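This report refers to the structure that appears directly beneath it.
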Amino acid sequence: MSIPETQQAVIITAAGGPEVLQVTTQPVPKPGPSQVLIKVSAAGVNRHDCNQRTSGPAYGGSPIPGLEVSGQIVAAGNEVNEARGGETVCALVQGGGYAEYVVADSALALSAPERLNPIEAAAIPEALFTAWYNFFTLMKLQKDEYALIHGGTSGVGHLALQAMSALGYRVIATSGTDEKCAAALKFGAAAAFSYKDPELAQKVKDATNGQGIGALLDMSAGAHVATDFEMMAPGGRIVHLSGGGGKALTLPLRQVMAKQLWVSGSLLRPLAQARKAVIAEQLREEVWPLLGRAVRPTISHEYSLNEAASAHREMEKNSHIGKIMLVPAS
Ligand SMILES: NC(=O)c1ccc[n+]([C@@H]2O[C@H](COP(=O)([O-])OP(=O)(O)OC[C@H]3O[C@@H](n4cnc5c(N)ncnc54)[C@H](OP(=O)(O)O)[C@@H]3O)[C@@H](O)[C@H]2O)c1
């Protein structure tokens, strides 16, 4: 396949609202020794991309947003197995996904699951890498514990619920509306509650037969700290995914001590490539066989690259369930 010198890509032209996203002509990137060049079939839109946009083009390395894609390998560096040429993959990338071509580390470009279409395949990397790393690598969730996800119908949450329930874990979800709670139950949540419910901690305790939560994934920027601490089981672990613009949290130390709780946070993007490659291997082994069977992303809406601003507007309205996707013209 001949590879053009230039491509159409969305760039963040300035810090600001969705209107700062503009399609421009950019060079097609060249793969490094351990990288592949992917002709993009679809790219996922993540909340991170909206945060990157409001921070401006210099934030995060590439002015082209986009952390996950699907597509075909059309070129590769000299350390990559030649047999990968032409392979259909889905990949976690370090930015650059809102484009016709993007480079990915070869180890983070997994064979696209055959039972998913290209748009569905592009919707899975960021969510599954995030869920796996936080629940299993960091929080070491056990099957005799309960997990909880604040934001059960988010891109991350709805795929985590499906994968974890299919693997035999009991996960409770919270959401902002009744419609989203009902959707979370369909995704496999053992129970789903409004995160606005003043009785949330008691309802969660009841749903776990008094056991409480062993591992909690929180994307609410610390909106529920007091409730979280109340509903955690002794020895429970909490990971924060959203920094809420750098705000500080006040922790009830007495409860941290009495329950021996563990509170942390994580960022997937700056994680070392070698650690991401370990997650990729574990996902390939444990979750890939479930894709298109028990686990399938819900696609809320598809947009062209020219409509990237509309995609960000939809995400910031917060009415979507599942994933918002971009599809370059073929
Ligand atoms: N640190 C990392 O490595 C990492 C990796 C991936 C994602 N993330 C973060 O994880 C979150 C999800 O990402 P996404 O792309 O999947 O975004 P998304 O689909 O837009 O989801 C955002 C979610 O946050 C939930 N939420 C907002 N305010 C909340 C509150 N006060 N209490 C409970 N939940 C609340 C929303 O719940 P409702 O819709 O029900 O209101 C929604 O489910 C984002 O904050 C993103 O930045 C972090």
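These numbers come from a predicted model, not from an experiment. Order of appearance sets the numbers: ligands from 1, and atoms from 1 within every ligand.
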Can you tell me the protein heavy atom closest to atom 28 (N) of ligand 1 and the distance?
Y195 OH, 4.1 Å
Which protein non-hydrogen atom lies closest to atom 40 (O) of ligand 1, naming both residue and atom, and how far is it?
G176 N, 2.7 Å
Using 4.0 Å as the upper bound for N to carboxylate O, is an ion pair formed by R284 and E281?
yes
Taking a hydrophobic cluster as the set of Ile, Leu, Val, Met, Phe, Trp and Tyr residues connected by side-chain heavy atoms closer than 4.5 Å, whether directly or through intermediates, do M231 and V225 fall within one such cluster?
yes
Which of the listed options, T177, V156, N318, holds the heavy atom that is closest to atom 7 (C) of ligand 1?
V156
What part of S175, side chain, backbone, both or neither, has a heavy atom within less than 4.0 angstrom of ligand 1?
both
Are any non-hydrogen side-chain atoms of H240 and V263 less than 4.5 angstrom apart?
yes
Which ligand 1 atoms does E126 reach within 4.0 Å, using its non-hydrogen atoms?
5 (C), 6 (C)
Would you mind running through ligand 1 and noting each atom that sits below 4.0 Å from a heavy atom of A223?
31 (N)
Pick whichever of M219, R47, H240, H48 has a heavy atom sitting closest to atom 12 (C) of ligand 1.
M219
Does some side-chain heavy atom of Y133 sit less than 4.5 Å from a side-chain heavy atom of V278?
no
Looking only at protein heavy atoms, what sits closest to atom 48 (C) of ligand 1 is L241 O, 3.3 Å
Any side-chain to backbone donor/acceptor pair from R170 onto D144? Under 3.5 Å, distance only.
yes
Contact between H320 and ligand 1, counting heavy atoms under 4.0 Å?
yes
Parallel, tilted or perpendicular: which describes the rings of F187 and H158, with under 30° parallel and over 60° perpendicular?
perpendicular
Heavy-atom proximity to atom 32 (N) of ligand 1, best of K180, H224, H150:
H224
Could you grab the distance from atom CD1 of I324 to atom NE2 of H312, nearest 0.5 Å is fine?
8.5 Å
Is atom CD of E179 surrounded by more than 12 heavy atoms (other residues, nucleotides or ligands) closer than 6.0 Å?
no
Exceeds 12 heavy-atom contacts within 6.0 angstrom, atom CG of D178:
no
In terms of atom number and element, which parts of ligand 1 are under 4.0 angstrom from non-hydrogen atoms of G151?
25 (C), 34 (N), 37 (O), 43 (O)
Can you sort out which atoms of ligand 1 are near N46, meaning under 4.0 Å from one of its heavy atoms?
15 (O)
May I ask you to identify the nearest protein heavy atom to atom 3 (O) of ligand 1, giving residue, atom name and distance to one decimal place in Å?
L268 N, 2.6 Å
Answer with side chain, backbone, both or neither: which part of K323 has a heavy atom less than 4.0 angstrom from an atom of ligand 1?
neither
Counting only N and O atoms by type, is there a donor-acceptor contact under 3.5 Å from the side chain of Q162 to the main-chain atoms of L290?
no
Which label fits H301 and Y303: parallel for a plane angle under 30°, tilted from 30 to 60°, or perpendicular past 60°?
parallel
Selection from A127, S266, S154, C181 by shortest heavy-atom distance to atom 22 (C) of ligand 1
S154
In ligand 1, the atoms that come under 4.0 Å of a heavy atom of T130 are 5 (C), 6 (C)
Within a distance under 4.0 Å of any heavy atom of G155, pick out the atoms of ligand 1 and give their elements.
16 (O), 19 (O)
How far is atom 45 (O) of ligand 1 from its nearest protein heavy atom, and which residue and atom is that?
S242 CB, 3.7 Å
